[in-house]
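Here's the structure we're looking at; comments come further down.
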Amino acid sequence: MEKITNGPEETYAFGFEMGKNAQPGQIYCLDGDLGVGKTVFTQGFAAGLGIEGPVNSPTFTIVQQYEEGRLPLYHFDVYRIGDVSEMDEIGYEDCFYGNGVCLIEWAQLVPEILPENVIHIRIEKDLEQGFDYRKISVY
């Protein structure tokens with residue numbers, strides 16, 4: 001599936017719909033360049049789960065947990081992971097194989113720990129189409 005958005009509000013709204021339809025145990029791998037809108041998408045996704053508090057990228061903490069929605073959300077940012085063993089140290093398996101939903105930014109950096117049935121979301125921009133243009137691919 002592909003979705004074209006033309007502003008942060010539309011990217012947020014698409015994330016919201018994805019979060020609203022998320023099911024327990026699903027793992028979403030969110031990839032895209034810096035500044036492409038991954039955090040905006042994630043904020044919408046969290047809102048779709050019923051999470052009302054602020055949602056920020058957990059760049060330095062690696063994982064941020066949100067328990068107040070209809071499902072727990074485990075938001076990973078593995079951009080700064082030096083070695084995949086760091087994921088063991090934070091107990092990623094409890095999140096991956098629990099009753100919540102995982103959203104992993106920069107998942108391509110830890111392919112060896114990802115289950116087979118993850119959902120990939122790639123956000124791309126194309127400045128020739130406009131500053132706010134985004135192509136969001138879900139596969």
Side-chain angles (χ1 to χ4, degrees):
M1 166 180 32
E2 283 189 2
K3 173 76 172 173
I4 303 299
T5 64
N6 288 293
E9 302 83 7
E10 292 179 19
T11 299
Y12 180 97
F14 185 62
F16 183 90
E17 288 303 313
M18 295 284 298
K20 199 165 79 170
N21 294 309
Q23 299 297 313
Q26 288 182 322
I27 299 174
Y28 294 83
C29 298
L30 181 59
D31 295 312
D33 293 334
L34 288 170
V36 80
K38 294 185 300 292
T39 300
V40 170
F41 176 90
T42 301
Q43 290 167 339
F45 190 95
L49 287 170
I51 297 166
E52 296 178 3
V55 173
N56 299 304
S57 186
T59 303
F60 296 102
T61 59
I62 301 174
V63 65
Q64 188 71 261
Q65 299 181 29
Y66 303 94
E67 303 284 342
E68 67 271 14
R70 69 175 176 84
L71 297 170
L73 173 63
Y74 306 104
H75 179 202
F76 291 84
D77 183 336
V78 298
Y79 185 74
R80 296 201 184 325
I81 289 280
D83 185 274
V84 75
S85 65
E86 292 178 50
M87 293 295 284
D88 288 326
E89 293 171 16
I90 62 170
Y92 81 91
E93 288 179 329
D94 292 337
C95 300
F96 280 23
Y97 302 106
N99 292 323
V101 177
C102 293
L103 197 149
I104 309 165
E105 294 187 40
W106 303 99
Q108 73 270 23
L109 299 175
V110 292
E112 59 270 35
I113 65 168
L114 297 176
E116 288 183 26
N117 57 344
V118 300
I119 299 164
H120 292 274
I121 301 169
R122 174 129 186 101
I123 303 176
E124 300 171 278
K125 60 183 172 180
D126 181 351
L127 293 177
E128 290 181 13
Q129 301 289 329
F131 181 76
D132 289 327
Y133 172 92
R134 298 294 185 268
K135 179 173 80 171
I136 304 173
S137 304
V138 180
Y139 54 99

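Given the structure is predicted, the values throughout are model-derived calculations rather than measurements. Values below: every heavy atom of this structure, side chains too, minus hydrogens, waters and symmetry copies.
- Interatomic distance, D33 CG to R122 CZ, rounded to the nearest 0.5 Å: 6.0 Å.
- Open room surrounds CZ on F131; 12 or fewer heavy atoms of other groups in view lie less than 6.0 Å from it.
- I104 and V138 fall into different hydrophobic clusters, where Ile, Leu, Val, Met, Phe, Trp and Tyr side chains are chained together by heavy-atom contacts under 4.5 Å.
- Within 6.0 Å of atom CD in E112, more than 12 heavy atoms from other residues, nucleotides or ligands are found, so the atom counts as buried in its surroundings.
- Follow the hydrophobic side-chain contacts under 4.5 Å out from L109 and you reach F96 in the same cluster.
- Put simply, the side chain of M18 reaches to within 4.5 Å of the side chain of I121, judged on heavy atoms.
- F45 has its ring centre no less than 6.0 Å from the ring centre of Y66.
- With a 6.0 Å radius and a threshold of 12 heavy atoms from other residues, nucleotides or ligands, N99 has its CG atom at or below the threshold.
- Q43 contributes a side-chain N or O that, together with a main-chain N or O of V55, makes up a donor-acceptor pair within less than 3.5 Å.
- In this structure, E86 contributes its side chain and D83 its backbone to a donor-acceptor pair below 3.5 Å.
- Under a hydrophobic clustering in which Ile, Leu, Val, Met, Phe, Trp and Tyr are joined whenever their side-chain heavy atoms come within less than 4.5 Å, directly or via other members, I27 and I81 fall into the same cluster.
- The structure places NE2 of H75 at 5.0 Å from OG of S57, a figure rounded to the nearest 0.5 Å.
- Rounding to the nearest 0.5 Å places CZ of F14 at 9.0 Å from OG1 of T5.
- V63 has its side chain out of reach of P58: every pair of non-hydrogen atoms, C-beta onward, lies at least 4.5 Å apart.
- Proximity of a side-chain donor or acceptor of Q23 to a complementary backbone N or O of N21 within less than 3.5 Å is detected.
- The 12-atom threshold is not exceeded at NZ of K3, counting heavy atoms of other residues, nucleotides or ligands nearer than 6.0 Å.
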Under the criterion side-chain contact (heavy atoms from CB on, under 4.5 Å), I'd like the reasoning laid out for E105 against T42: C-alpha separation, chi angles, the key distance, then a yes or no. CA-CA 9 Å; E105 294 187 40; T42 301; 4.0 Å; yes
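- Annotation for E52: atom CD does not count as buried by contact number, only 12 or fewer foreign heavy atoms lying within 6.0 Å.
- At most 12 heavy atoms of other shown residues, nucleotides or ligands fall within 6.0 angstrom of atom OH in Y79.
- Taking CG of L34 as the reference point, atom CH2 of W106 lies at 4.5 Å (rounded to 0.5 Å).
- The shortest non-hydrogen separation linking A47 to Y12 is CB-OH, 3.2 Å.
- Remark: F76 CZ to L103 CG distance equals 10.0 Å, nearest 0.5 Å.
- Looking at every heavy atom in both residues, A46 comes nearest to L73 through CB-CD2, 3.8 Å.
- Looking at every heavy atom in both residues, A107 comes nearest to L114 through O-CD1, 3.9 Å.
- Heavy-atom minimum distance, G15 versus F41: CA-CE1, 3.4 Å.
- In the hydrophobic clustering of this structure, I136 groups with I119; members are Ile, Leu, Val, Met, Phe, Trp, Tyr whose side-chain heavy atoms approach within less than 4.5 Å, directly or through other members.
- The heavy-atom pair separating L49 from A22 by the smallest distance is CD2-CB, 4.2 Å.
- Not one N or O on the side chain of K38 forms a donor-acceptor pair closer than 3.5 Å with the backbone of I123.
- Closest heavy-atom contact between E124 and S137: OE1-OG, 4.3 Å.
- At least one donor-acceptor pair under 3.5 Å links the side chain of R134 to the backbone N or O of V36.
- Under the 4.5 Å side-chain heavy-atom criterion for Ile, Leu, Val, Met, Phe, Trp and Tyr, V118 and V101 are members of distinct hydrophobic clusters.
- The structure places SG of C102 at 13.0 Å from CG of L30, a figure rounded to the nearest 0.5 Å.
- Looking at M87 and I62, their side chains come closer than 4.5 Å, going by heavy atoms from C-beta outward.
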